Amino acid sequence: MRHILHTWTGMIEPELKSWRRELHQYAEVGFCEYVTTYFVYQKLQTLDFTLHIGKDVLDTESRFGVPTQETLEDHEMRALEQGVPKVFLNQIRNGHTGVVATLDTGRKGNHIVLRFDIDALPIEEANEHTHIPSKEGFRSRNKGMMHACGHDGHTAIGLGIARFLHQHKDQLNGRYTLLFQPAEEGSRGANAMVAKGWLKDANLFLSGHLGIKSLPIGTIVARTTGILATSKLDVEINGKTAHAGMSPHEGKNALLAASSMALALHSIAPHGEGATRINVGSLKAGTGRNIVPGDATLQLETRGATTIENQYMKEEAIRRIQGAASMYGVEAEVKVVGEGVTAETDSYWSEQIPKALAQSTVVKNILPELKLNGSEDVTYMMRATQQAGGKAAYLIYGTPLTAGHHHRLFDFDEQALAIAVNALAYLICAENGEGILKI
């Protein structure tokens, strides 16, 4: 089995690289992944999966932070221009992106669910010659959007696992559900997939991430801890515009209110029971030097070691926002546009992953644990599995990093793609392929 699986991994490696580079060029932000959804659907269409798209994938009302209708339509128009057929686009429009692929071997075994996030970030990608996507011609073609967190690689890994399941279905047992999830960034999409019921009878759940910390190629982290709960808030501040010279007293200065909010938010005392975070990432206000600004917007996030700590930060943030609004006589509307909960990899995998990957010739080192200290809405899926009595794992696939996640120079070593597929394939075999392990 070792020789067969390793050979298969080597055979698929060029395709993984090609898929990743194609996806990288068409980076799309959350709920706007129209080209990406079509790409995934096309690659899966020839395999032995039942495919689900549109409202069959997501519970419409359970999505967080869906872009405005105008924004969605702009992205849909771009998708048409980039080759998505109108008939297909009509099935996924209005932010119903993502694909679910299911496969039933017809033999008794575990229901294994695997999740792969597909969205990009609102970042303009670097164009320096030292940046490999720019140097080798696969830099993002979409202005202001970039795969700066490796989700293009995650999608390619998902397609690789789909190919593995298709080619080895006669040697495997059980059922498989592959979730190509939109809108992970901002913790917006996973909850809507859970609400649709895709994990209600999952025995095992597997997901993972490229990088997180710079690690050598061939490294797999078996157990991820320290995934923080989070809330994403948008604040719209409505004051009153006025002439700054003739009638400043008639204005209600939204810019000053927003500035006071930002300062007050960053002075929230940390919770005594666990780590907390807050960040105001965007403040926009004003149109000219001689105008009292009547409108402003803030975008911020809170995080906490547990849901309790995060709830404290969220409630305190809203209290301070409303306090500053009252002080300046403006109105402040707070919208929750994303939420994430905490979860940890089940201890079951601490023993099972090293055991299952012992046969791999490409996994060189297994680290027992890594603390994430960040947020990931995969936790909704992990919790749904665990609450139903199943076991969930969130792995880290080691790669050196040229820059940190969410940076315009972010990139990863593409060798990590095949290693991730290899690791997940071995885990699938260990749980649902007793026969294949004897080959």
Side-chain angles (χ1 to χ4, degrees), residues 29-31 33 52 55-66 95-102 111-119 149-151 154-155 158 176-209 212 223-233 277 301-311 313-314 335-346 348-349 371-396:
V29 294
F31 296 125
E33 311 97 327
H52 309 265
K55 293 184 179 180
D56 291 339
V57 169
L58 303 162
D59 179 68
T60 300
E61 301 305 317
S62 298
R63 298 174 298 170
F64 288 112
V66 180
H96 291 91
T97 47
V99 180
V100 174
T102 58
H111 176 201
I112 301 179
V113 179
L114 299 101
R115 175 272 209 165
F116 311 95
D117 39 5
I118 68 174
D119 58 322
C149 201
H151 297 186
H154 299 172
T155 308
Y176 303 89
T177 299
L178 308 185
L179 306 176
F180 290 87
Q181 182 212 312
E184 185 282 321
E185 301 293 353
S187 299
R188 297 182 291 147
N191 182 60
M193 280 189 152
V194 172
K196 202 65 181 178
W198 291 111
L199 293 110
K200 63 184 179 182
D201 60 351
N203 303 115
L204 303 168
F205 175 80
L206 296 169
S207 189
H209 207 297
I212 301 298
R223 189 163 186 260
T224 306
T225 60
I227 303 177
L228 305 177
T230 185
S231 297
K232 317 297 183 183
L233 308 178
R277 308 275 194 277
E301 65 170 19
T302 64
R303 301 181 197 250
T306 70
T307 304
I308 292 172
E309 280 89 55
N310 181 64
Q311 186 65 21
M313 293 296 289
K314 176 183 172 183
K335 296 179 181 178
V336 178
V337 296
E339 291 272 22
V341 296
T342 56
E344 291 191 356
T345 297
D346 286 290
Y348 167 82
W349 297 102
K371 196 169 185 178
L372 190 67
N373 284 330
S375 303
E376 235 278 22
D377 73 349
V378 71
T379 51
Y380 282 108
M381 298 179 177
M382 295 173 72
R383 276 197 175 189
T385 303
Q386 292 163 340
Q387 288 169 358
K391 298 178 179 64
Y394 188 75
L395 289 74
I396 303 297

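In this text, all values refer to a predicted model and were calculated from it rather than measured experimentally. Residue indices begin at 1 and follow the sequence shown.
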Undergrad: Once rounded to the nearest 0.5 Å, what's the spacing between atom CD1 of Ile112 and atom OG1 of Thr177?
TA: 10.0 Å
Undergrad: CG/Leu114 to CG/Leu206 distance, rounded to the nearest 0.5 angstrom?
TA: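 One finds 5.0 Å between CG of Leu114 and CG of Leu206.
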Undergrad: Would you mind reporting whether Glu376 and Leu228 have side-chain heavy atoms less than 4.5 Å apart?
TA: no
Undergrad: For Ala384 versus Val194, what's the shortest heavy-atom pair and its separation?
TA: CB-CG1, 3.9 Å
Undergrad: Looking at every non-hydrogen atom in both residues, tell me the closest pair between Gly226 and Glu344 and how far apart they are.
TA: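 Looks like N-OE2, 4.0 Å.
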Undergrad: With a 4.5 Å heavy-atom cut-off, do Arg223 and Trp349 have their side chains touching?
TA: no
Undergrad: Holding to side chain to side chain donor-acceptor pair (under 3.5 Å), I want the full list of residues that pass it with Asp346, two or more places apart in sequence or in another chain.
TA: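 Scan of Asp346 (side chain to side chain donor-acceptor pair (under 3.5 Å), adjacent residues dropped) gives Gln386.
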Undergrad: Does any non-hydrogen side-chain atom of Thr307 lie less than 4.5 Å from one of Thr342?
TA: yes
Undergrad: Check the pair Cys149, His209 against side-chain contact (heavy atoms from CB on, under 4.5 Å), reporting the backbone distance first and the verdict last.
TA: CA-CA 9 Å; Cys149 201; His209 207 297; 3.6 Å; yes
Undergrad: For His96 and Lys55, indicate whether the former's side chain and the latter's backbone hold a donor-acceptor pair under 3.5 Å.
TA: no
Undergrad: For Arg188, give me all partners under salt bridge (charged side-chain N to carboxylate O under 4.0 Å, His left out), at least two apart in sequence or on another chain.
TA: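 Scan of Arg188 (salt bridge (charged side-chain N to carboxylate O under 4.0 Å, His left out), adjacent residues dropped) gives none.
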Undergrad: Starting at OG1 of Thr385, measure out to CG of Leu204 and round the result to the nearest 0.5 Å.
TA: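 Spacing of OG1 (Thr385) from CG (Leu204) equals 8.5 Å.
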Undergrad: Residues in side chain to side chain donor-acceptor pair (under 3.5 Å) with Tyr176, at least two apart?
TA: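 For Tyr176 the side chain to side chain donor-acceptor pair (under 3.5 Å) partners, ignoring immediate neighbours, are Asn432.
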Undergrad: Please identify each residue that fulfils side chain to side chain contact (heavy atoms under 4.5 Å, CB included) with Ala388, with sequence neighbours left out.
TA: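 Testing Ala388 for side chain to side chain contact (heavy atoms under 4.5 Å, CB included), a comparison that skips the adjacent residues, returns none.
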Undergrad: Which residues pass the side chain to side chain donor-acceptor pair (under 3.5 Å) test with Thr230, not counting sequence neighbours?
TA: Lys232
Undergrad: Using side chain to side chain contact (heavy atoms under 4.5 Å, CB included) as the criterion, list what pairs up with Asn310, not counting sequence neighbours.
TA: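 With neighbours one apart ignored, the set is Ala229, Ser231, Thr302, Glu339.
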Undergrad: How close do Asp59 and Ala195 get, counting heavy atoms only, and between which atoms?
TA: CB-CB, 3.8 Å
Undergrad: Measuring only between side-chain heavy atoms, which start at C-beta, is Thr345 closer than 4.5 Å to Met382?
TA: yes
Undergrad: Would you confirm whether Thr379, through its side chain, and Val341, through its main-chain N or O, come within 3.5 Å as a donor-acceptor pair?
TA: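 Confirmed, Thr379 side chain pairs with Val341 backbone.
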Undergrad: The criterion is salt bridge (charged side-chain N to carboxylate O under 4.0 Å, His left out); which residues satisfy it with Lys335, sequence neighbours excluded?
TA: Glu236
Undergrad: Just do the side-chain hydrogen bond (donor to acceptor under 3.5 Å, both in side chains) check on Gln181 and Asp377 with the steps written out, would you?
TA: CA-CA 10 Å; Gln181 182 212 312; Asp377 73 349; 3.3 Å; yes
Undergrad: Kindly write out the residues that satisfy ring pair (Phe, Tyr, Trp, His ring centres under 6.0 Å) with His111, not counting sequence neighbours, or none if the list is empty.
TA: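 Partners of His111 by the ring pair (Phe, Tyr, Trp, His ring centres under 6.0 Å) criterion come out as none, since no residue qualifies.
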Undergrad: How close do Ala192 and Ser62 get, counting heavy atoms only, and between which atoms?
TA: CA-CB, 3.8 Å
Undergrad: Show the nearest heavy-atom pair for residues His151 and Asp119, with the distance to one decimal.
TA: ND1-O, 2.8 Å
Undergrad: Please name all residues satisfying side chain to side chain contact (heavy atoms under 4.5 Å, CB included) with Ser207, sequence neighbours left out, ordered by chain then number.
TA: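 Here the qualifying residues are Arg115, Phe205, Val378, Tyr394.
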Undergrad: With sequence neighbours excluded, tell me which residues meet salt bridge (charged side-chain N to carboxylate O under 4.0 Å, His left out) with Arg277.
TA: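 Partners of Arg277 by the salt bridge (charged side-chain N to carboxylate O under 4.0 Å, His left out) criterion come out as none, since no residue qualifies.
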Undergrad: May I ask you to test the Leu178-Phe180 pair for a side-chain heavy-atom distance under 4.5 Å?
TA: yes
Undergrad: Spell out, as yes or no, whether a donor-acceptor pair under 3.5 Å connects the side chain of Glu33 to the backbone of Ala183.
TA: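 Judged by distance alone, yes, a pair lies under 3.5 Å.
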Undergrad: Residues two or more places apart in sequence or in another chain: which of them pass salt bridge (charged side-chain N to carboxylate O under 4.0 Å, His left out) with Asp56?
TA: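 Salt bridge (charged side-chain N to carboxylate O under 4.0 Å, His left out) list for Asp56, sorted by chain: empty.
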Undergrad: Does the side chain of Tyr380 come within less than 4.5 Å of Asn191's, by heavy atoms?
TA: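 Yes; the side chains approach each other to less than 4.5 Å.
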Undergrad: Could you pull out the closest heavy-atom pair between Val100 and Leu179, with the gap in Å?
TA: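 Smallest interatomic distance, heavy atoms only, reads CG2-CD2, 3.7 Å.
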Undergrad: How far does OH of Tyr348 sit from NZ of Lys391, to the nearest 0.5 angstrom?
TA: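 That separation rounds to 6.5 Å.
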Undergrad: Would you check if Glu301 and Leu233 make a side-chain contact, meaning some heavy-atom pair closer than 4.5 Å?
TA: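 They are not in side-chain contact.
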Undergrad: Report the residues that fulfil side chain to side chain contact (heavy atoms under 4.5 Å, CB included) with Val66, sequence neighbours left out, ordered by chain and then residue number.
TA: Phe31, Arg63, Leu72
Undergrad: Does some side-chain heavy atom of Met381 sit less than 4.5 Å from a side-chain heavy atom of Met193?
TA: yes
